[in-house]
Protein chains: 2
Amino acid sequence: MTVIAPPQGLTIAEASERTGLTTHTLRYYERDGLMLRGVGRTSSGHRVYTERDLTWVRMLTRLRATGMPIREVKAYAALCRQGDGNETERLALLQNHRARVLSQLAEVTEHLGAIDNKIGIYQSALERAET
Amino acid sequence: MTVIAPPQGLTIAEASERTGLTTHTLRYYERDGLMLRGVGRTSSGHRVYTERDLTWVRMLTRLRATGMPIREVKAYAALCRQGDGNETERLALLQNHRARVLSQLAEVTEHLGAIDNKIGIYQSALERAET
DNA sequence: GCTTGACTTCGAGTGCGCTCGAAGCGTCAG
DNA sequence: CTGACGCTTCGAGCGCACTCGAAGTCAAGC
């Protein structure tokens, strides 16, 4: 019967829809300690997602989408959870990640260039064949 | 006792060194049908890698490094193995892959931008803190 | 008051791509 | 002749990130 999300809160189904993650994955992330804090519950135990939760999930999604392993996201979440005073560590973690992503982008781009060459070879072979 | 590579051939250890793949991985690729043709053997059954084999392994590495799944590499290998006449399919496969890689690059780049913003925020927060 | 269905927890299962270990053999230095 | 080494095959195991299924609960509509 459609759980009514309490004022300002979203059900897990709504959170799923807005983040593009499945409800399974959202629960898994919470279980695994990737959320900033445990997600709130209604009196009946249903999850209530706030906008802050969604904002965090979106950040988390960016980290994951750029290849940060779960365990490192977890470490970052732990730092944020701890509160003020460790900004230097958080910054270092993100900069580290940034460097890795950049070098991976460069690598992929280089490989792509070689693949493009191959594509070019097939294309001109086919052109020659059809004349 | 150091297997003497036959004229123009390389042992799996040498192939490993030149490709950066472990001998385990090289054997696994062959087992799994990713090689163009089975790698040659000496009379005693040891693998003999030719330059052509290495060239193929390097292509294969590029495909893998850009995220092509093993099963698709296998499909591409099968097309090449089949010989002339399916260049259109090979081209389509590569172009398809190229498109996926490009959109993935774009996505990662976009996420990276957001992460960069976060980094900027931490940096200016830290600067403000130390004055 | 009963059915419905979206939620809950828990733990097991899946797919991918390696990665590793065990057991055996062939060749050569000593 | 012996021992060591580097290969061989085969099959099992692993790490990651989900993904799924089962069994139960709870609130609302009929």
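Here is the naming used below: chain letters follow the sequence lines, and residue numbers restart at 1 for every chain.
Here B:R27 lies in heavy-atom contact (under 4.0 Å) with a base.
Rounded to whole Å, atom C1' of C:dG5 lies 10 Å from atom NE2 of A:H46. Distance A:R41 CZ to D:dA27 P: 15 Å, rounded to the nearest Å. For the pair A:E30 CD and C:dC7 P, the computed distance is 14 Å after rounding to whole Å. In this structure, the CG atom of A:L26 is 17 Å from the P atom of C:dA6, given to the nearest Å. The distance between atom NZ of B:K74 and atom C1' of C:dG17, rounded to the nearest whole Å, is 11 Å. Counting to the nearest Å, the P atom of C:dG17 and the CG atom of B:L60 are 12 Å from each other.
The environment of B:E89 atom CD is dense: over 12 non-hydrogen atoms of other residues, nucleotides or ligands sit within 6.0 angstrom. Remark: A:R37 CZ is loosely packed, at most 12 non-hydrogen atoms of other residues, nucleotides or ligands lying under 6.0 Å away. In B:Q104, the CD atom is crowded: over 12 heavy atoms of neighbouring residues, nucleotides or ligands sit closer than 6.0 Å.
Taking only side-chain nitrogens and oxygens, A:S44 never comes nearer than 4.0 Å to OP1 or OP2 of D:dT25. When the side-chain nitrogen and oxygen atoms of B:R47 are compared with OP1 and OP2 of D:dT8, one or more of them lie within a distance under 4.0 Å.
With values rounded to the nearest 0.5 angstrom, A:L102 atom CG is found 11.5 Å from A:Q95 atom CD. Annotation: the span from A:K118 atom NZ to B:R90 atom CZ amounts to 8.5 Å, rounded to 0.5 Å.
You'll find that the side chain of B:I12 is closest to D:dC7, out of C:dC7, D:dT9, D:dC7.
A search for side-chain hydrogen bond (donor to acceptor under 3.5 Å, both in side chains) contacts involving A:N96 returns nothing, not counting sequence neighbours.
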_Nucleotide-resolved protein contact map, nucleotides 14-20 of chain D, B/S/- at heavy-atom distance under 4.0 Å_ = --SSBBB
